[in-house]
Protein chains: 2
Amino acid sequence: MDIARYEIPDAGTPVACRSCQARHGVVCGALSSSQLKELGRHSLRRKVEAGSEIVAQGSESSFYSNIMRGVVKLCKVMPDGRQQIVGLQFAPDFVGRPFVRESTLSAEAATDAELCVFPRSLLDRMIAETPELQRSLHDQALRELDAAREWMLTLGRRTAEEKVASLLYLIAAHAEPQTATSTAFDLPLSRAEIADFLGLTIETVSRQMTRLRKSGVIHIENFRHILVPDMDALERVSA
Amino acid sequence: MDIARYEIPDAGTPVACRSCQARHGVVCGALSSSQLKELGRHSLRRKVEAGSEIVAQGSESSFYSNIMRGVVKLCKVMPDGRQQIVGLQFAPDFVGRPFVRESTLSAEAATDAELCVFPRSLLDRMIAETPELQRSLHDQALRELDAAREWMLTLGRRTAEEKVASLLYLIAAHAEPQTATSTAFDLPLSRAEIADFLGLTIETVSRQMTRLRKSGVIHIENFRHILVPDMDALERVSA
DNA sequence: GCTGCGATTTGATCCAGATCAAACTTTTCC
DNA sequence: GGAAAAGTTTGATCTGGATCAAATCGCAGC
């Protein structure tokens, strides 16, 4: 198999993926060392900047990726332009839809990110040969399904304030805690993206952020940097 | 393994599951005939009536099921009683959350239904031994994930009328078509359940149903029986 | 057939969040 | 360093769907 055949525009350095060889992650944690080596030979480390599309909605993708660093948003767009973010993925998640070529959603880097990109055909073969890998991907799919259903509850039944608090809580839970109770992080999403995640408008998101700030549940610095002095308090307002 | 150990209250007739032996379905289609026989020996055919709970939110379930007949709704409830239906499952879907014992949602029969119930420990062993079964369940999980994400778009970005039309379209798509364009079916959900699926109130659901009826997109008989003369028209108003 | 009850529809009013509009803040790029 | 552009906040007003209230329908039980 020749890596050039799989080269994608602006694909980055064709080096074996060190992080994969460290066996972390949904895919690489489930592979034997010879499989890791083979995957490494056909992988491209690719830096993508915030906003660039990884997979387009409606397109057929010949690639899967592992997220090495950064945040990826999964997005659905209606013909008239209405838009909904249907998932957020963090390192070391796997990006791609096994078994179906055509994507019903787009994947886009929400922050600057680093991916390990490899050909679909190769991983599909490894999935078929490696029950442990199938299990690992099955497990990720089930975790994503749990998360999606939790978000359905948020979208359908929570108020605007609860929605914003829930999203902040979700993101904070992926950041390093500062102390036992407090956490600080940079929001990976703009107000517009938050609105698209929560089924709100940017104005409503902004107003609810202000509300949370005035009530002391969060501190905001420079729009993007958030400090949560007490995670329990944030959880409480997210209902 | 003794089936009595797994007996559940009011569990129904302990007969081998004929339909499973016919190899249809997510689970049974992936098993060898000896596995089918073993699963059959430990299965209970169980009739459940509309409204009865199959798995309770927050409980630990020792059972999985296959849906033989009927519709099952997956539901999340907030401490204050707000409620969201997060999935509908039809025969021959598999019901249960592999790998995690505690359920974060409840499963409830939406219509009178018939299930094939069997012990978690047995299927977990078969999953570990049978890549084909893992694959089949992985595939169902991914289909459910696609569906969940489609509903996130509906919940977040569609209007009340589009929501109601989308749900009718979804259910109609599971019914036998009458002619090339028209379909008739009995709604498996009450107005209250529809509201809980769509993040609306029963009054809004009722008004939108009336609206769709007055515009000729659907005909309603006896509250529950729906005729869709033109599926394309219904799809159009669901945006 | 009458009665009572749950499910549904219909009507009147209210309000959370959308929309429209403008100011302000930060970043980008000459 | 300054101007334009992009992102965010704030304010005024509107509206789709919620809430409150009542009538109607269909069915189970007597």
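Lettering follows sequence order; numbering is per chain, from 1.
Counting only distance, with no hydrogens or angles, the side chain of B:R46 and the backbone of B:C116 share no donor-acceptor pair below 3.5 Å. A distance-only check finds a donor-acceptor pair linking the side chain of A:R120 to the backbone of A:S61 [under 3.5 Å].
Between B:R207 and A:R207, the residue anchored nearer the 5' end of DNA chain D, judged by the nucleotide with its closest heavy atom, is A:R207. Checking B:K214 against A:V205, the closest nucleotide of DNA chain C that is more toward the 5' end is the one next to B:K214. Between A:M209 and B:G199, it is A:M209 whose nearest contact on DNA chain D lies nearer the 5' terminus. When each of A:T159 and A:N222 is assigned the nucleotide of DNA chain C with its nearest heavy atom, A:T159 is the one assigned upstream, toward the 5' end.
One can place CD of B:E161 at 14 Å from P of D:dA18, the figure rounded to the nearest angstrom. When rounded to the nearest whole Å, the span between CZ of B:F223 and P of D:dC27 equals 9 Å. The CD-C1' distance, from A:E203 to D:dA12, rounds to 12 Å in whole Å. Whole-Å rounding puts the A:R157 CZ to C:dA16 C1' distance at 15 Å. Distance, B:L189 CG to C:dT8 P: 10 Å, rounded to whole Å. Between A:L212 atom CG and D:dT9 atom P there is a gap of 12 Å when expressed in whole angstrom units. One interatomic measurement links the two molecules: CD of B:E162 to P of D:dG17, which rounds to 9 Å at whole-angstrom precision. A:H225 has its NE2 atom 18 Å from the C1' atom of C:dT25, to the nearest Å.
Listed pair B:S206 / C:dT9 meets the phosphate criterion, a side-chain N or O lying under 4.0 Å from OP1 or OP2.
Counting only heavy atoms from C-beta on, B:R213 has its side chain closest to C:dT10 among C:dA18, D:dG26, C:dT10. Of the candidates D:dT9, C:dA18, D:dG17, the closest approach to any side-chain atom of A:R191 belongs to D:dT9. Of the candidate nucleotides D:dC27, C:dT8, C:dG17, C:dT8 has the atom nearest to the side chain of B:S190. In the set C:dT10, D:dT10, C:dG17, C:dT10 carries the atom at the smallest distance from any side-chain atom of B:T210. Taking only side-chain atoms of B:I202, from C-beta outward, the nucleotide of D:dT8, C:dA12, C:dT8 with the closest atom is C:dT8.
In this structure, B:M209 and B:V164 have side chains that are in contact, with non-hydrogen atoms separated by less than 4.5 Å. B:N66 places none of its side-chain heavy atoms less than 4.5 Å from the side chain of B:V26.
When heavy atoms are screened at a 4.0 angstrom cut-off, B:T201 is found touching base atoms of the nucleic acid. Within 4.0 Å of A:R224, counting heavy atoms only, lie sugar-phosphate atoms of the nucleic acid but no base atom.
Ionic pairing of A:R82 and A:D196 is not present here: no N-O contact between side-chain nitrogen and carboxylate oxygen is shorter than 4.0 angstrom.
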